[in-house]
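Let me begin by presenting the structure, written as structure tokens, before commenting on it.
Because only heavy atoms are used, hydrogens play no part in the values below, and waters and symmetry mates are left out as well, while side chains stay in. Just so we're on the same page: letters track the sequence lines, and every chain starts at 1.
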Amino acid sequence: MTLVRGDELLRHPVYSRVVHWSVAIFFLLALLTGLAIYSPWLYRWITPLFGGGPMTRLLHPWFSIVFVAIFALQFLNWLAPMSWTPDDRRWLRGLRAYVVNEEALAPEYVGFFNAGQKLYFWAIAISAIVFLLSGIPMWFPATFGRVAAAIGYVLHDVAAIVMLVGFIVHFYEGTAAQPGTFQSMTRGTVERRWAWTHHPAWYREATGRDPRADYDSFVRRMFRSSSTDDAHQRTSAIND
Amino acid sequence: LPSNPQIPVSYTVWKRVAKPLALLMGLLAAPVAFFHYVTEGPKEPQPPVRDREMPR
């Protein structure tokens with residue numbers, strides 16, 4: 001169950017959160033065991049966490065299979081909001097402004113997910129397929145042959161690096177870069193301010209209200225209540 | 001096995017150069033994110049209402 005307060009909106013229901021964190025846990029387990037096998041230097045540091053080298057090697061494909069299976073559920077859950085639209089191309093054209101925080105408010109057409117989040121989603125989807133198709137010949141080289149396994153190693157490693165970069169950026173964007181975002185995956189809710197700032201089109205869809213008009217009205221209320229420059233009063237304006 | 005087995009150069013380059021370099025470049029995303037945070041700061045919900053959300 002998700003508790004939504006007066007100044008909040010439901011962003012991710014329980015099912016989405018459980019699936020997301022299950023994907024995250026098995027992704028990390030697969031990533032760590034994979035990195036241990038990837039490099040002799042990392043092997044020394046990581047394999048003791050999983051009970052030694054042979055156990056790490058044994059666990060990696062199983063963690064990965066579970067990751068791919070749970071990601072399939074996430075794929076189905078988010079397929080509709082992750083669909084690419086012409087607005088996403090517009091968002092990408094303004095990527096530089098997004099990166100340098102040029103605009104305080106996201107463009108009005110940004111819906112439930114922005115194009116950056118969609119790109120990450122599709123990178124995971126493609127990587128999961130590559131992991132599966134390349135990992136099985138690596139797992140059973142006697143069945144699939146040496147050439148298939150060798151090609152598999154290269155594809156597997158390239159997909160892993162893409163996922164590693166994507167994961168670091170995702171972790172940063174979901175925590176320090178955008179305060180309030182992490183809460184959407186823990187409590188399932190976001191402040192209305194967060195919604196009209198980062199996903200105005202979703203705010204309009206979820207509330208039936210104009211995000212810019214609500215933003216302006218909020219600013220006016222805040223000015224009135226902050227005449228004494230009291231932070232507490234400013235905070236209380238949220239609940240007006 | 002062949003009578004004089006040899007490891008191909010392509011394999012050595014892949015294992016000794018390309019893989020470590022790719023991993024390093026991948027991990028570079030972490031300091032880049034940190035640098036971004038230091039220089040650009042977080043993207044706070046607007047308008048800022050709490051002291052920690054005020055522009056630096």
Side-chain angles (χ1 to χ4, degrees), chain A residues 7 35 38-42 98-106 150 153-154 157-158 160-173 175-181 190-198 211 215-216 218-223 225-226 231-238, chain B:
Chain A
D7 62 328
L35 283 175
Y38 183 94
S39 146
W41 182 77
L42 292 170
Y98 176 84
V99 170
V100 300
N101 294 353
E102 203 167 89
E103 302 291 340
L105 302 173
Y153 275 104
V154 175
D157 289 351
V158 170
I161 295 297
V162 169
M163 290 284 278
L164 176 68
V165 174
F167 169 70
I168 293 171
V169 174
H170 176 67
F171 182 77
Y172 171 58
E173 287 286 330
T175 54
Q178 275 191 13
T181 304
V190 289
E191 280 185 38
R192 283 170 181 259
R193 288 186 310 134
W194 184 95
W196 68 51
T197 301
H198 302 301
Y215 166 78
D216 291 337
F218 185 91
V219 170
R220 280 195 299 276
R221 281 205 312 274
M222 210 175 76
F223 260 108
S225 65
S226 66
H232 175 72
Q233 284 191 17
R234 271 183 271 126
T235 310
S236 70
I238 305 172
Chain B
L1 282 176
S3 56
N4 184 20
Q6 286 184 332
I7 296 171
V9 178
S10 58
Y11 177 80
T12 309
V13 170
W14 167 251
K15 187 165 183 177
R16 303 270 176 218
V17 182
K19 280 183 70 171
L21 210 63
L23 182 61
L24 274 179
M25 286 175 69
L27 292 172
L28 206 63
V32 166
F34 179 74
F35 180 75
H36 180 266
Y37 186 80
V38 171
T39 55
E40 304 299 334
K43 204 171 286 195
E44 298 283 1
Q46 296 299 315
V49 293
R50 302 178 182 96
D51 285 336
R52 65 167 173 79
E53 296 173 355
M54 294 299 163
R56 285 187 265 178

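For A:Ala177, the part sitting under 4.5 Å from any heavy atom of chain B is the backbone (N, CA, C, O) and nothing else. Residue B:Leu27 touches chain A through both its backbone and its side chain, counting heavy-atom pairs closer than 4.5 Å. Heavy-atom distances place both the backbone and the side chain of A:Val99 under 4.5 Å from chain B.
The backbone N or O of B:Gln46 sits less than 3.5 Å from a side-chain atom of A:Thr197, completing a donor-acceptor pair.
For B:Ile7, the CD1 atom counts as loosely surrounded, since its 6.0 Å shell holds 12 or fewer non-hydrogen atoms of other residues, nucleotides or ligands.
Between A:Phe167 and A:Phe171, the two ring planes are tilted [angle within 30° to 60°].
The choice from A:Leu164, A:Val190, A:Val158 that makes the most heavy-atom pairs within less than 4.5 Å of chain B is A:Leu164. Across A:Leu42, A:Val169, A:Val219, A:Asp157, the residue that shares the most heavy-atom pairs under 4.5 angstrom with chain B is A:Asp157.
Aromatic rings from A:Phe218 and A:Trp196 are positioned such that their centres are separated by under 6.0 Å.
Figure legend: cation-pi geometry between B:Lys43 and A:Tyr98, with NZ or CZ positioned under 6.0 Å from the six-membered ring centre and within 45° of its axis.
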